[in-house]
Chemist: 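Please see the structure below; I have some questions.
Order of the sequence lines sets the chain letters (A, B, ...), proteins ahead of strands, with each chain counted from 1. Worth knowing before you read on, the calculation uses all heavy atoms, side chains too, and leaves out hydrogens, waters and symmetry mates.
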Protein chains: 2
Amino acid sequence: MTDHDRAPIRAFESSLPMALLTAREAAMGHFRPLLAEHDLTEQQWRVLRALDAAPNAVDVKALIEATTLLAPSLTRILANFEERDLIDRTVDPADQRRSIIRLSKLGHALVAKVAPNSEAIYAMIETQFGAARLDALMTELRDLAAAIHQTDEATP
Amino acid sequence: MTDHDRAPIRAFESSLPMALLTAREAAMGHFRPLLAEHDLTEQQWRVLRALDAAPNAVDVKALIEATTLLAPSLTRILANFEERDLIDRTVDPADQRRSIIRLSKLGHALVAKVAPNSEAIYAMIETQFGAARLDALMTELRDLAAAIHQTDEATP
DNA sequence: TATTGTTATACTCTATAACTATA
DNA sequence: TATAGTTATAGAGTATAACAATA
């Protein structure tokens with residue numbers, strides 16, 4: 001602390017997007033170093049999780065929807081994953097325009113390696129914040145997103 | 001809908017960071033086109049709001065903290081703002097290393113022009129989701145960030 | 001003609017390190 | 001020596017448009 005410290009900037013954390021960003025940054029601050037250890041970006045991890053969670057093999061379009069990435073971003077990420085042998089890719093025999101993506105053995109192994117740490121971090125947060133409270137918060141977040149999307153339809 | 005549609009990818013929206021991201025994207029989806037009209041990025045808007053909310057003129061360090069941007073990003077944004085005459089910049093006479101930043105008349109005018117639309121969007125969200133509920137959610141988000149930061153101190 | 005996915009391009013932010021000028 | 005801020009550099013995502021292959 002010196003004479004030149006000024007009053008901190010306040011009031012604009014009251015913005016909803018900023019509150020969401022701050023909360024997200026707090027959570028990801030724990031997680032990003034873990035991802036970096038495995039040479040994964042946040043977006044790459046989103047793709048891996050989506051692939052891991054998918055009941056079946058998926059096409060690029062489904063991945064775009066699940067990850068909210070743009071097509072060109074996803075194209076590059078998938079190219080990177082192919083180089084690293086994290087995914088297998090085949091052409092849909094029923095529609096040759098489509099790529100069918102699935103996690104390779106190596107890809108599954110990577111998810112299996114990272115995921116437990118992710119859950120440990122999550123558990124820490126649950127302990128600190130309260131499991132029931134966190135559940136309720138997640139529900140509210142989903143409802144909020146849904147409510148906003150409804151306003152989309154009202155004003156196209 | 002065609003024969004080739006597959007089961008949607010589920011389950012991983014249960015990730016906290018993803019829930020925060022999705023909610024944020026929903027909110028920002030309304031706001032980004034408005035910013036684009038004024039040639040502003042999300043990060044630039046964050047800086048403008050921070051400057052507008054600041055009780056006094058601020059230095060670069062305070063802006064970094066308020067916006068969670070990195071120094072090099074902020075340096076470029078401030079250079080851009082100077083070109084556009086949105087800010088005034090003076091050297092702190094008490095410490096010549098410091099830059100003192102404040103919004104120019106033009107900068108204040110820009111904030112004044114964009115902010116009402118921002119509030120209109122916010123009002124729409126409030127209506128759809130419920131004002132009290134939104135308030136409660138914001139409180140929870142702030143508490144969550146605080147709780148996570150407490151775990152930081154526990155595990156340095 | 002429409003759709004799937006890729007390529008091309010320009011811009012911005014992230015992240016780190018090196019550097020300057022003050023203190 | 002330490003701090004405030006800038007410059008340099010590499011890498012990755014955002015965003016649009018144009019494109020090839022397939023339907």
Side-chain angles (χ1 to χ4, degrees), chain A residues 1-6 21 24-25 28-29 31-33 35-48 57-84 87 89-101, chain B residues 1-6 21 24-25 28-29 31-48 57-65 67-84 87 89-101:
Chain A
M1 293 290 175
T2 81
D3 273 12
H4 307 115
D5 281 358
R6 285 168 187 79
L21 178 64
R24 184 160 201 277
E25 283 306 302
M28 288 303 297
F31 197 53
R32 227 168 270 152
L35 293 182
E37 269 176 45
H38 296 278
D39 279 307
L40 290 171
T41 66
E42 226 182 287
Q43 287 81 354
Q44 287 173 334
W45 177 243
R46 231 144 81 203
V47 175
L48 283 183
V58 295
D59 58 20
V60 173
K61 204 176 178 181
L63 272 179
I64 286 174
E65 281 159 23
T67 57
T68 75
L69 294 171
L70 292 178
S73 302
L74 189 55
T75 292
R76 196 173 355 164
I77 288 171
L78 291 178
N80 173 295
F81 283 178
E82 270 192 293
E83 263 181 42
R84 293 161 73 176
I87 58 170
R89 199 170 186 152
T90 55
V91 171
D92 184 340
D95 180 346
Q96 303 208 46
R97 293 171 304 183
R98 291 174 193 250
S99 277
I100 304 298
I101 319 284
Chain B
M1 293 291 177
T2 80
D3 274 13
H4 306 114
D5 282 357
R6 284 169 188 77
L21 179 63
R24 184 160 200 278
E25 284 304 302
M28 288 303 297
F31 197 53
R32 227 168 272 157
L34 174 63
L35 293 182
E37 268 175 45
H38 296 277
D39 279 304
L40 291 171
T41 66
E42 226 181 288
Q43 287 81 356
Q44 287 174 333
W45 177 244
R46 230 145 81 204
V47 176
L48 283 184
V58 294
D59 59 18
V60 173
K61 205 176 180 183
L63 272 180
I64 286 173
E65 281 160 23
T67 58
T68 75
L69 294 171
L70 293 179
S73 301
L74 189 55
T75 293
R76 195 171 357 158
I77 287 172
L78 292 178
N80 173 297
F81 282 178
E82 271 190 294
E83 264 180 43
R84 294 162 71 177
I87 57 171
R89 202 171 182 151
T90 54
V91 172
D92 184 341
D95 181 346
Q96 303 208 46
R97 291 170 305 180
R98 290 178 194 246
S99 279
I100 303 300
I101 318 283

Chemist: Kindly compute the distance separating CZ (A/Phe81) from CD (A/Gln44), expressed to the nearest 0.5 Å.
Modeler: 4.5 Å

Chemist: Does the side chain of A/Thr41 get closer than 4.0 angstrom to OP1 or OP2 of D/dG11 through an N or O atom?
Modeler: no

Chemist: Counting only pairs under 3.5 Å, give me each side-chain donor-acceptor contact of residues 70-77 of chain A, with atom names and distances, residues two or more places apart or in other chains.
Modeler:
from, atom 1, to, atom 2, distance (Å)
A/Thr75, OG1, A/Ala71, O, 3.1

Chemist: Can you list everything that forms a salt bridge (Lys or Arg N to Asp or Glu O under 4.0 Å) with B/Arg84? Sequence neighbours excluded, please.
Modeler: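 None.
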
Chemist: Could you pull out the closest heavy-atom pair between B/Val58 and B/Ala62, with the gap in Å?
Modeler: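 Between these two residues, the closest heavy atoms are CB-CB, 4.2 Å.
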
Chemist: State the CD-OG1 distance between A/Gln43 and A/Thr41, to the nearest 0.5 angstrom.
Modeler: 5.0 Å

Chemist: May I have the distance from A/Leu40 (atom CG) to D/dG11 (atom C1'), rounded to whole angstrom?
Modeler: 15 Å

Chemist: What integer distance in Å separates A/Glu42:CD from D/dT14:P?
Modeler: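 Going from A/Glu42 (CD) to D/dT14 (P), I get 10 Å.
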
Chemist: Can you measure B/Arg32 atom CZ to D/dT16 atom C1' for me and round it to whole angstrom units?
Modeler: 15 Å

Chemist: From CG of B/Asn80 over to P of D/dT6, roughly how many Å is that when rounded to an integer?
Modeler: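 Those two atoms, CG and P, are 14 Å apart.
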
Chemist: Output a table of nitrogen or oxygen pairs between the protein and nucleotides 18-22 of chain D separated by less than 3.5 Å.
Modeler:
from, atom 1, to, atom 2, distance (Å)
D/dT22, O2, A/Arg97, NH1, 3.4

Chemist: Could you measure the distance from the CZ atom of B/Arg46 to the OG1 atom of B/Thr68? Nearest 0.5 Å is fine.
Modeler: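 It comes to 4.0 Å.
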
Chemist: Can you name the residues that form a side chain to side chain donor-acceptor pair (under 3.5 Å) with B/Thr90, not counting sequence neighbours?
Modeler: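 Result, side chain to side chain donor-acceptor pair (under 3.5 Å) vs B/Thr90: none returned.
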
Chemist: Kindly state each residue pair satisfying salt bridge (Lys or Arg N to Asp or Glu O under 4.0 Å) with at least one member in residues 36-45 of chain A, sequence neighbours excluded.
Modeler: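 Only A/Arg24-A/Glu42, A/Arg32-A/Glu42 qualify under salt bridge (Lys or Arg N to Asp or Glu O under 4.0 Å).
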
Chemist: Round to a whole Å and report the spacing from NZ of A/Lys61 to P of D/dA23.
Modeler: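 One finds 15 Å between P of D/dA23 and NZ of A/Lys61, rounded.
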
Chemist: Could you list the residues that satisfy side-chain contact (heavy atoms from CB on, under 4.5 Å) with B/Ser99, not counting sequence neighbours?
Modeler: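 B/Ser99 satisfies side-chain contact (heavy atoms from CB on, under 4.5 Å) with B/Val60, B/Arg89, B/Ile101 only.
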
Chemist: Go through DNA chain C in 5' to 3' direction and return only the first and the last nucleotide with some atom under 4.0 Å of chain B's heavy atoms.
Modeler: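 Footprint of chain B along DNA chain C, 5' to 3': C/dT12 to C/dA23.
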
Chemist: Going from CD1 on A/Ile64 to CG on A/Leu69, what distance comes out if it is rounded to the nearest 0.5 angstrom?
Modeler: 8.5 Å

Chemist: In residues 68-78 of chain A, which residues come under 4.0 Å of DNA chain C by heavy atom?
Modeler: A/Ala71, A/Pro72, A/Thr75

Chemist: Tell me, do B/Leu63 and B/Leu78 make a side-chain contact under 4.5 Å, heavy atoms counted?
Modeler: yes

